[in-house]
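All remarks here apply to the structure that follows.
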Amino acid sequence: MVTFNRADACAGTETVLLNIGPQHPSTHGVTHILVELSGETVVAAKPILGYLHRGIEKLAEYRTWQQDLVYTDRLDYVSQIGNEWAYCRAVERLTAIEVPERAEWIRTLFCELNRITSHIMWYAGVTMDIGTMGTPFIYAFKARERIYDFFEAVTGARMMYNYFRFGGVRCDVAPGLLEDIHDYLGGEFLELMDDLDALLLGNEIVQSRMKGIGAFTTAQLVEWGITGPFLRASGLAQDLRKDAPYGAYDKVEFAVPTSTVSDSFARCEVRMAEMREAASICRQVIERMPEGDISVKVPRLLKPEAGEVYVRTESPRGELGIYLVSDGGPKPYRFRVRSPIFYNISALPKMLPGWKLQDALVIFGGIDTSMGEIDR
Amino acid sequence: MSGLGWNTVLWLAGLFALMALTALIGVYWERKVIGHFQARRGPLHHGWHGLLQLPADMVKMISKEDVVPTKADRMLFQVAPMFVAVPAFTSLAAMTFMPGVAFVDMRHGLFFVFAMQTVMPVGFALIGWSCDNKYTLLGGLRAAAQLISYEIPMLLAAMGVVMSVGSMRLTDIAQAQASGPWFIVRQPIGFVIFSLAVLAEINRTPFDMPEAESELVAGYHTEYSGMKFGLVQLAEYTALLMGSYLIATLFLGGWNMPLLPASPVWLFLKTVLLMTSTMWFRATFPRLRVDTLMEMSWKILIPVALANIMLVASLMLVLPKRWF
Amino acid sequence: MGVVDTAETPGFITTTLDKLLRWGRSRSMWPCQAGLACCSLEMMTAGSARYDFDRFGIMFRSSPRQSDVLIVPGPITRKMEPVYTRVYNQMAEPRWVIAMGSCAISGGAFADSYNVLRGADTIFPVDVYVPGCPPRPEALFYGCLRLQEKIASTSFIGSDREAIYVPPDLPPEWPEAITDPPKTCLEPEGEDDDS
Amino acid sequence: MTPELAAIVGSFPDAELDSSGLDPLVRVPRDSYRALVAALAGAGCRLSDVTAVDHMASIEVVVQLLASASEQFSVHCMVHEDDPRIDTLVPVFPSAEYAEREVFDLFGVDFLGHPDPSRVLLPDHFLGHPLRKEFGLEVAPW
């Protein structure tokens, strides 16, 4: 555990305030971190949020339950399906809608595909942060483009799918597509993953930049409210897909990748392993997907009974919670998103002090931010 | 124009043409090479395979507004790029292409090049300071610190070659490799140290901390727009050319080629190959951390370079003259 | 048309120079690498291997001083407005703006919100609008090529260009907030030891 | 909800356990709010989320707690709209800091003893608290 003494770090010198963020070319959108530097050492850090606060929680109160589904895509625009699913699960739990078996499997399939594309965005961000010219990121985008093609074949959109419906999914998967996905994830994708592994984990410069950087204990991370791969890299196998299974997760076999080292490199290893696990889940789902209905009939204008519900799902970034309050009307009374990265990024003031500026960016890259969800 | 004959004018024109061509073709080549490393095509649609891309960039940069930030130190802001560009261009004057074919065949050509490169850190620090911007300040200071640290191992590694040849004239150094093996074979340690130091000296990946995009926007040239940015970039590519040329001349035999007649073509090919390999590094490697970089210079490269000089000196005593 | 400019017609030298400038500027558009929201991912994708912006000489620059085109890839919120105005003001003339996606055009799905501007053109002039939510990379390409045509067909000499009013750097309620935030917001505990 | 946690809730006479909804729900008045959450935290509960709901005349602060990885319940505390003050949870759960700042930002609830009570999502010069019901969409000051 690192102990950091501010007085030692800036003894007799003046500190510099440096803005990392709006508007800055790092690949993390509009994240703004104000860091105080003594030389190249960070002595204090403060994330400044809200540059993308579009007021989704307020707007959702003025739209019907179905219309709000549109906003969930735009919350965390890197793992759209995960958000749709979280919201659908919350509404389904509130209104006691039963989802057909096949729909659950289709949802699991696309959620895991989305997890891969989301981790690819993390990969792009972290490799840019440590200063590559973009080669690993462009290789990783090969896989992303292929998977976006699959999404496009099913949903008609590249990014904003709007695919899930209360009680199922919008449409069935086209014939032949499942085989394509299965073949791709079993062959070409794994070869590409080997390349990506070699470019990130196998690179000695990366190892020297990441090993031992940002080492925190599990107790610290739990206290700071960290969830997701960042926490799992410290050895705590906390994953809602195992702990409180939903969808078809209890019917497929998968491991929760963990590491006991708990540094930035371990976080990379965990995320890379998660991508492989996600591919394996997808292939199992395709092999064992049952036939049947893909959705149930749901009233055009949904009016859940008055009540409230809180549903947590495992998004690629951690524990995503949706809290809904209904007053029996056609619109939600309160729509609240518990964003995993909001909690993760709020721990930065405790994480960054004591590290060099370049290390701070590596640690920050391990969080895998998506400002759309933090600011909502 | 008494002392200034047509010959000099022609050589000067050649020098300027070389500078401009290096930068233009260097940038074009780099964009192409990195593009292909990234499974892309690079510039493609303007001109044949994008050959007109760089002239277009130049036209645009020349016609861009020249922004001077309000709080910047006006005079230094205007002058500082010269402190980088002029030494970089001037050092080109020491290039020799064949015995007798040179801009100026100086007796202390190597010394001249090093002397010119020592001025560049001043320019970087000035650029960084004059903009009144924290990113440029950090970038400029990083650049200055890096250049100063890596000059020492570079000089020490070159010293081995100079001791062995007994001259600082670049022609002599290249000619010394005409009959015997190249210095890369005779002094491999010196070669490795020299190449690493040159890579750091010209701010190329994995030593490109001064312009680290992820933390410092564009490093020391963040505030420069239009042709001032163009000038800094020109200086960088000239330094790249000079660094590659030095490695080729000092360690890779210059214009000599075993079994084949000596020709400037070999020198040109070796230089281009070295330049391309720095682009390869740039496309592949992430960058090091600042303190690792400094440690590498002061704790590893300098002691090893000193040991290398000892080794060369003792071998010169022991081995026959033909070898050392 | 003479060689030298007259009051009515620009001369040969001027028009040739104008053609050269139009050619150079339209063939070398460097967008500022300033991401905002979902559209910025598609903007990145446009630079990746499948689409490859670099083919057209479009290369992302990280410093606004060195870029020519500002692509606005998402909704501009009230908190972001001064930042984006500043980025725009930092860019050297001549500069162009592409509004990418519905949010940058009109506010899109968030047009009702209390915190979102109704389009980027409320704070600076926009040259090309690329609709979509988000637009596909191909659509962004089309937008960029249209902007290229626009630059190539706009004369830079003479009175064709309208004067553009750009609001001052930061609105009065944002004193120094972006460049130098007040030091008090970073007051660590150990600071006042001497008291 | 496990019997141990129910016993802790039972030891607070003014706290009321409601198991009729989808998840167990504890209603507690403002005075014993932090004491109750601290006692639950002492029994091993983790914080999932802090948020609020505006009920016109009063604002309900909602704390989502996790008894275990799969078991969740919430603690609700009403504060009046004219006096929206409540104790902060930061000494109990350090991770609540930004979430409470957000509740302050969007609802105008003051957290007493909070280390950094300032707006987090909205610009500092923003007037009003947008997630309150009286702050309609059309009153946006544009």
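Treat the numbers as computed from the prediction; the structure is a model and nothing was measured. Lettering follows sequence order; numbering is per chain, from 1.
A ring-centre distance under 6.0 Å is found for A:H53 and C:Y114.
Counting heavy atoms from C-beta outward, A:L75 and A:R376 have side chains that approach closer than 4.5 Å.
Interface residue A:E152: only side-chain heavy atoms are found under 4.5 Å from chain C. Using a 4.5 Å cut-off between heavy atoms, A:Y139 does not touch chain C at all. Contact of A:R54 with chain C is made through backbone and side chain together, with heavy-atom distances under 4.5 Å. Heavy atoms of A:L49 lying under 4.5 Å from chain C belong exclusively to its backbone. Only the side chain of A:L59 comes within contact range of chain C, judged by heavy atoms closer than 4.5 Å.
When each of A:K58, A:M371, A:M159, A:M160 is checked for heavy-atom pairs under 4.5 Å with chain C, A:M159 comes out on top. When C:G74, C:S40, C:P134, C:P73 are compared by the number of non-hydrogen pairs under 4.5 Å with chain A, C:P134 comes out ahead.
Considering all non-hydrogen atoms of both residues, A:R144 and A:I120 come closest at N-CD1, 3.7 Å.
Judged as a salt bridge (charged side-chain N to carboxylate O under 4.0 Å, His left out), and not counting sequence neighbours, the contacts of C:R50 are A:E145, A:D149. Residues satisfying the side-chain contact (heavy atoms from CB on, under 4.5 Å) criterion with C:S102, sequence neighbours excluded, are C:C133.
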